[in-house]
There are 2 protein chains.
Amino acid sequence: MTRKVTIRDLAEAAGVSVTTVSQILNGKGERFSIDTRTRVHQLQEEMGYVPDFNARNLIMRSAQTIGVIVPNLGNPFFSMFIKGVQSTSRDRHFIPLIFGANYDEDLEGYYLQELIKRAVDGLIIASSSITVDAIDNILKKNGIPYLLIDQNGGPSLDSVRIDDQRGGQIAAEYLLSLGHRKIAVVMPANPTDNLVVRLEGFKHHLAQAGVALPDEAYIISPMTKLGGYQATAAVIKQAPTAVFAVNDEMALGLIRGLHEQGVRVPEDISVLGYDDIDLDDYVVPKLSTVHQPVVTMGEQATTLLINRIQKRQLAPQTVELPVELQQRESTAPVSK
Amino acid sequence: MTRKVTIRDLAEAAGVSVTTVSQILNGKGERFSIDTRTRVHQLQEEMGYVPDFNARNLIMRSAQTIGVIVPNLGNPFFSMFIKGVQSTSRDRHFIPLIFGANYDEDLEGYYLQELIKRAVDGLIIASSSITVDAIDNILKKNGIPYLLIDQNGGPSLDSVRIDDQRGGQIAAEYLLSLGHRKIAVVMPANPTDNLVVRLEGFKHHLAQAGVALPDEAYIISPMTKLGGYQATAAVIKQAPTAVFAVNDEMALGLIRGLHEQGVRVPEDISVLGYDDIDLDDYVVPKLSTVHQPVVTMGEQATTLLINRIQKRQLAPQTVELPVELQQRESTAPVSK
DNA sequence: TTGTAAGCGTTATCAT
DNA sequence: ATGATAACGCTTACAA
């Protein structure tokens, strides 16, 4: 491997100054003769010149990079989110640095620090446990634009808003319409803001129909397949005719658990999820759920963030995204 | 947001030179008085000084960064792989830049270029379609260390080796032991190297037992859940008593397809997967499969790569990782 | 139409 | 025990 070719080498070879090369290669070369322009471009190809990233960033004070922290890359919900982030980043010539924090607060802190050290231009944080403190201290202090997902109440300037209230309502009305009146909820111990409003919406619309949701109806378990599975016994103990799991992963785990206990879904118990991950169509029974447009969420989040990076003065931006019922096989009318 | 504090500000505040500060902060400050040392450290805290990443990299010619390209972040197999990569990267104080290329050759090329532009110190490529050409041209030319996954035959110096031959053998012997003699295989159109040896192993051990695998027994479909699902009709047409899917995702899709057609798994047809993703335990029936230690693969790949980055002269390194049968519910003795 | 030179923030060499 | 000073490779006023 030979030494890397620098802009100076290229300039020398072309018999011009580095300024000339720099300008031309950065699309600001109208003022140079067409002759030198082509010569420079040709030599670039031949010599395989690539601008040194660090040198360039040093002077431009930007690496065209955003940081993304999600709780769990293994959850298809987040891998779809990432998909949206990656495609928009590509369009905007940014690169996302992606980290899965495994629902671990220390890990989140570590990655947050690391991303800031690396001078990312902005951040998307879809992570439960990053404290508003950390955000205020670290991000605001550094003046780094950021955007919070799953934290509607958060303090970030811009936001992509999912109407979780409405999502809860949809879930409630659907279950109600099937005749369910004894309903359980499966949720995590420390729900993020979006979850609490989702659940509020759910509870509220149930109440309107005269259906109560007592404390025992809330079953606490981690938001993973395993968490859902582990909630099985508690669910059975409640003997509901339907259960609303706050995300699909839990719903899937629960369905498996129910199956093992000989409880039929949906004949004995209906199970309704939330998110609409790709898996829903492949399990038996297919999972009914509330659809979130997660790829779009990733795209919009990225768009908003990059807009802000490029124009700090922009008025706060918000985009609202709809949720909708996705009816499949895990829910059915209550049997008398 | 105030201007970023530089090493010069810190030096000034401490009443010393930048050299002093730099040395002390980089752990090379034994020669300075304990007094100045503590003063510098204290001021760093107070002023919140963080070295500028780009400036530092410019002179050190390394960003402590590796690039990782996988075909599909949505496949839990790869998200587990990433998990391994991230944890080892963390231990070694590297940051992985992760991209999912959606099985798209153009995308892979784009990301490869981008990663090289960004001067990553090394690359892990777990991607099917990156041509050996591209690798030779781009990576070798730039002298960037890299490591190929799923391409055992590839030209990379170091490698983490999974004994796919043995994996195929395990699958064959297991199916044979259950009495199966009419067997189909579900595989993609352009199998990576590891897949072809896996399949060779499978075929070979079947043949040893006198069981043939004619051309029609190979059913071609994309390596996704949908791909497996779409293979359903072709599988049924073959009327095998068992099918071996080259990865779990396909197996899952196929099981769903079979279910819809009223074919019972495993009673009518046994389905054996490959990979052992977390989902296997949650579907009905639980998926029998050949386990790959994928988190370890990610960890080892990262270890080898970083070793090489730090010591270019190292002798070629190889680590061998075992596969083993993971028997669950989707396979059963052939029924007469 | 082109070039000179300053400067980005850091580390490293070599004096003192 | 400490500091000048020269890089690193690039962009960009400002001159010519």
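Just so it is clear, the values below take in all heavy atoms, side chains as well, and ignore hydrogens, waters and symmetry mates. Sequence lines set the chain letters: A, B, ... in the order given, protein chains first and strands last, and positions in each chain run from 1.
- Here the rule is side-chain contact (heavy atoms from CB on, under 4.5 Å) with Leu147(B), and of Leu157(B), Val68(B), Val160(B), Ile66(B) only Val160(B) fits it.
- Residue Ile144(B) comes nearest to Gly122(B) through the heavy atom pair CG2-CA, 3.9 Å, listed as atom of the first residue, atom of the second, then distance.
- Between Leu10(B) atom CG and dT2(D) atom P there is a gap of 15 Å when expressed in whole angstrom units.
- Taking the screw axis at each terminus of the helix from dT1(C)-dA16(D) to dT16(C)-dA1(D) from five consecutive base pairs, the angle between the two is 40° to within rounding of 10 degrees.
- Rounded to whole angstrom, the span from the CG atom of Asp9(B) across to the C1' atom of dC8(C) amounts to 13 Å.
- A donor and an acceptor atom, one from each side chain of Thr19(A) and Ser22(A), are nowhere located under 3.5 Å apart.
- For the residue pair Thr6(B) / Arg8(B), no side-chain donor-acceptor distance below 3.5 Å is found, with atom types taken as modelled.
- The minimum heavy-atom distance between Ile69(A) and Glu108(A), with the atom names listed, is CD1-O, 4.1 Å.
- Distance CG (Asp52(B)) to P (dC8(D)): 18 Å, rounded to an integer number of Å.
- Rounded to whole Å, atom P of dT10(C) lies 10 Å from atom CG of Leu25(B).
- Note: CG (Asn54(A)) to P (dG9(D)) measures 11 Å, nearest angstrom.
- At a threshold of 4.0 angstrom between heavy atoms, the contacts of Arg8(B) include nucleobase atoms, whether or not backbone atoms are also involved.
- Summarising the geometry of Leu10(A) relative to Gln44(A), their closest heavy-atom pair is CD1-N, 3.9 Å, with the distance given to 0.1 Å.
- Contact annotation: Thr6(B) side-chain N/O to dC8(C) OP1/OP2 distance is not under 4.0 Å.
- Shown here for Tyr103(B) and Met223(B), the closest heavy-atom pair between the two residues is OH-O, 3.8 Å.
- Put simply, CG on Asn57(B) is 13 Å from P on dA12(C), counting in whole angstrom units.
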Practice problem: Quick one, give me the B/S/- string for nucleotides 11-16 of chain D, reading 5' to 3', where B means a protein heavy atom under 4.0 Å from the base and S means that only happens at the primed atoms, P, OP1 or OP2. | Solution: BBB---
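- Applying the 4.0 Å criterion to OP1 and OP2 of dT11(C), one finds that Arg61(B) has every side-chain N and O outside that range.
- Rounded to whole Å, atom P of dG9(C) lies 19 Å from atom CZ of Arg118(A).
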Quiz item: Which is it for Tyr146(A) and Arg308(A) under the side-chain hydrogen bond (donor to acceptor under 3.5 Å, both in side chains) test, yes or no, and what are the steps along the way?
Solution: CA-CA 9 Å; Tyr146(A) 62 94; Arg308(A) 167 113 287 129; over 6 Å; no
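- With Asn26(B) contributing its side chain and Lys28(B) its backbone, the two residues share no donor-acceptor pair below 3.5 Å.
- Straight-line distance from the CG atom of Leu58(A) to the C1' atom of dG9(C): 6 Å, rounded to whole Å.
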